[in-house]
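Encoded as structure tokens, the structure appears first; notes follow it.
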Amino acid sequence: MLQTPYLHTTITTSAHLAQTMTLLSLTSTELQQKIESELANNPALELINERRCPMCKRLLPQNGNCPICSQPSDLTGTEPIVFISPREDFYYSNNQNFEDISDDPFSSESVDLPTFVLRQIAPELNPGDRLVAAYILTHLDEDGFLTINSYEIARYHHRQLSEIDAIIDKLKRCEPVGVCSKGPKEALLIQVEVLSESVTVPKFTREVIENGLDELSHHHYAELGRKLGISTIMVSNITNFVADNLNPFPGRASWGDVRNPNENSSKVYHKPDVLIYHLNENPINPLVVEIIHPIRGTLQINPLFKQAIKQADEDKIQEWKGDLDRASLLIKCVQQRSNALKMLLEKLVTYQRDFILLGEKHMNSLTRAELAKELGVHESTISRAVSSKTIQLPNKRIVPMSIFFDRSLSFRCLIKEIIENETKPLSDSDLQEILKEKGIDIARRTIAKYRSMEGILPAYLRQSNLEVAN
DNA sequence: CTATGGCACGGATT
DNA sequence: AATCCGTGCCATAG
């Protein structure tokens with residue numbers, strides 16, 4: 001049984017249980033959509049209380065003061081302040097007018113990928129095409145690739161295939177360049193094309209991508225050179241160029257992170273579900289944890305509706321009763337979701353404090369099962385709450401919440417560090433030795449995996465890179 | 001012969 | 001029950 005201190009209720013019916021589960025696994029954005037549609041369709045449900053904090057303009061929780069502004073500004077300590085925050089500025093409504101969208105496409109740092117792209121392209125399109133573009137953008141996978149083909153889009157919108165392709169072509173040229181491609185090859189080709197307008201691209205880059213992507217990723221440079229009739233040196237140049245300037249997965253924000261940690265590559269196109277930062281951005285202050293609540297106020301049962309039901313006709317009464325039940329169930333479940341997230345975050349932030357403050361190296365290992373035991377809830381509750389949610393850390397990076405349960409992250413970080421400071425290229429077995437001395441005993445094969453996860457080349461290729469640089 | 005990537009297995013995790 | 005992750009074995013390139 002899931003106890004909810006907030007409501008002093010326990011789960012009673014199976015419908016209740018099912019809905020609690022579903023809501024828990026939704027991201028804030030998805031929850032927002034769910035609530036909005038319910039508000040539109042269910043007359044028993046209404047939204048009240050748009051009180052705002054006079055200081056920070058945040059929408060206030062149902063009753064009580066602003067959790068931020070009511071804190072003394074010089075508060076210290078390690079206890080995080082965790083609360084549910086109805087911060088509307090993180091959300092846009094789906095039926096919002098596209099006119100507002102065209103404002104400052106690059107200024108907001110926390111929009112999801114579809115919005116980010118749409119804002120760039122909206123000014124160049126007529127309203128009809130904007131709809132199509134918006135539709136296309138909702139069918140991207142996490143790498144930024146299109147999951148449907150243009151024929152389906154054309155049929156869905158009753159447009160000519162050529163019109164659709166023209167729109168896709170425009171989309172591909174938006175930041176991140178190559179988004180909406182069908183796959184890595186197409187994305188790279190577009191990037192080359194766009195890049196060649198401003199900088200010189202090595203000769204044959206296009207041909208290499210077109211014909212030799214397999215060889216390229218397997219580092220068969222000599223073979224590739226032979227196949228295209230160019231020297232290995234040129235292939236190597238092209239490889240470096242591709243690695244430095246292009247990104248085969250336009251939607252994957254972590255790709256360029258390792259090499260050049262500039263603000264451009266660390267951008268992640270997800271709206272965070274949780275924000276973590278220092279109170280007033282001052283590092284000596286305790287951490288503030290805002291769990292984004294995606295609606296602008298409090299949900300409640302419409303009292304007029306309750307009145308009306310008493311005098312309703314016989315045939316209406318059943319239908320209305322249904323609405324009433326659905327509404328109260330939704331309210332209950334939304335509150336439980338918030339509450340579960342709050343409990344979860346309190347534990348998580350306390351336990352992984354070092355990671356949040358000091359970085360990936362200090363990640364503690366933690367499993368969902370342990371946390372579930374500690375909180376006295378079922379493992380699957382944690383699983384659902386964590387999955388598909390993202391967190392914005394104090395350093396403004398947005399990471400998936402599941403990162404808190406990544407055992408190998410600190411090892412990977414350590415390996416990266418060792419390799420960065422190496423004087424001669426260390427083979428995977430060398431690395432294994434070094435780590436063993438530090439008390440970390442992992443297999444040679446595993447090190448190889450971690451290394452490739454971090455996008456670090458094997459030892460013999462790092463050698464050649466050093467020589468080229470010197 | 002050495003370094004490394006692919007495949008697949010088994011155990012842990014979700 | 002399904003999925004993920006670490007690992008062993010083997011093939012291949014240099």
Side-chain angles (χ1 to χ4, degrees), chain A residues 2 17-18 20-22 24-27 141-142 184 212-227 231-233 235-236 239 243 248 254 340-341 343-344 347-348 351-352 360 363-390 399-416 418-419 422 424-436 438-468:
Chain A
L2 183 68
L17 184 69
T20 308
M21 290 307 184
T22 335
L24 198 56
S25 60
L26 297 182
T27 68
D141 65 15
E142 57 191 22
L213 215 52
D214 275 348
E215 285 89 342
L216 202 63
S217 55
H218 293 182
H219 311 299
H220 299 169
Y221 300 149
E223 188 188 320
L224 182 55
R226 248 176 284 129
K227 187 167 151 191
S231 72
T232 313
I233 308 263
V235 177
S236 160
T239 309
S254 58
L341 280 176
M343 294 197 306
L344 176 68
K347 286 284 176 197
L348 218 47
Y351 190 76
Q352 297 287 23
E360 302 186 343
M363 176 67 74
N364 287 322
S365 92
L366 174 69
T367 68
R368 293 162 170 81
E370 289 173 54
L371 199 65
K373 202 174 163 194
E374 198 170 329
L375 284 173
V377 296
H378 197 273
E379 298 167 15
S380 70
T381 311
I382 305 284
S383 243
R384 286 163 192 280
V386 166
S387 68
S388 80
K389 297 208 176 47
T390 55
V399 297
M401 200 157 164
S402 54
I403 203 174
F404 285 100
F405 302 91
D406 188 329
R407 269 178 307 166
S408 64
L409 192 68
S410 61
F411 302 152
R412 295 208 305 266
C413 189
L414 195 56
I415 290 173
K416 195 162 65 179
I418 293 172
I419 290 179
E422 74 188 357
K424 72 176 179 55
L426 297 164
S427 74
D428 290 346
S429 345
D430 296 337
L431 287 169
Q432 185 184 13
E433 285 291 315
I434 296 172
L435 288 177
K436 200 160 192 174
K438 291 183 185 255
I440 303 168
D441 195 3
I442 43 181
R444 191 279 307 168
R445 189 65 190 76
T446 310
I447 297 190
K449 266 219 166 121
Y450 288 170
R451 185 172 46 66
S452 64
M453 279 168 97
E454 293 296 329
I456 302 171
L457 291 170
Y460 65 94
L461 286 172
R462 295 207 301 276
Q463 173 90 58
S464 60
N465 274 352
L466 284 179
E467 277 171 9
V468 168

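Note that this is a predicted model, so its numbers are computed, not measured. Note on naming: letters A, B, ... go to the chains in the order of the sequence lines (proteins, then strands), and numbering restarts at 1 for each one.
- Atom P of nucleotide C:dC9 and atom CZ of A:Arg444 are separated by 11 Å, given to the nearest angstrom.
- Atom CG in A:Leu431 sits about 15 Å away from atom C1' in B:dT2, given to the nearest Å.
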Practice task
Apply side-chain contact (heavy atoms from CB on, under 4.5 Å) to A:Ile442 and A:Tyr450, showing your working.
Solution key: CA-CA 11 Å; A:Ile442 43 181; A:Tyr450 288 170; 4.0 Å; yes
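- As a whole-Å value, the separation of A:Leu409 CG from C:dG6 P is 11 Å.
- Between the A:Lys389 side chain and the A:Leu26 main chain, a donor and an acceptor come within less than 3.5 Å of each other.
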Exercise for the section: Check step by step if side-chain contact (heavy atoms from CB on, under 4.5 Å) holds for A:Leu414 and A:Lys438. Expected result: CA-CA 10 Å; A:Leu414 195 56; A:Lys438 291 183 185 255; 4.2 Å; yes
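- Between the C1' atom of C:dG8 and the CD1 atom of A:Ile447 lies a distance of 15 Å, rounded to the nearest Å.
- Mapped onto DNA chain B by nearest heavy atom, A:Phe405 and A:Asp430 fall at different nucleotides, with A:Asp430 at the one closer to the 5' end.
- Among B:dC7, B:dG5, B:dT14, the nucleotide with an atom closest to any side-chain atom of A:Lys449 is B:dC7.
- Using a 4.0 Å heavy-atom criterion, one finds that A:Phe411 contacts no nucleic acid atom at all.
- Heavy atoms only, all atoms of each residue included: A:Ala459 and A:Pro425 are closest at O-CB, 3.5 Å.
- Proximity of A:Tyr450 to the phosphate of C:dC5: no side-chain N or O atom is located under 4.0 Å from OP1 or OP2.
- OP1 or OP2 of B:dT14 sits under 4.0 Å from a side-chain N or O of A:Arg368.
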Handout entry: Intermediate values then yes/no, side-chain contact (heavy atoms from CB on, under 4.5 Å), A:Thr381 and A:Leu344
Key = CA-CA 10 Å; A:Thr381 311; A:Leu344 176 68; over 6 Å; no
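- Across all strands, A:Arg451 comes closer than 4.0 Å only to sugar-phosphate atoms, never to a base (heavy-atom distances).
- The distance between atom CD1 of A:Ile403 and atom P of C:dC4, rounded to the nearest whole Å, is 17 Å.
- A:Ser408 comes within 4.0 angstrom of sugar-phosphate atoms only, judged by non-hydrogen atoms across all strands, and of no base.
- Rounded to whole Å, the distance from CZ on A:Arg445 to C1' on B:dA8 is 11 Å.
- Taking the side chain of A:Arg407 as heavy atoms from C-beta on, and the options B:dG5, C:dC5, C:dG8, the nearest nucleotide is C:dC5.
- Side chain A:Arg412 to base C:dG6: no donor-acceptor pair is found below 3.5 Å.
- Among the heavy atoms of the strands lying under 4.0 Å from A:Thr446 is at least one base atom, whether or not backbone atoms are also near.
- Taking atom CD of A:Glu379 as the reference point, atom C1' of C:dT3 lies 14 Å away to the nearest angstrom.
- Counting to the nearest Å, the C1' atom of C:dC5 and the CE atom of A:Met453 are 9 Å from each other.
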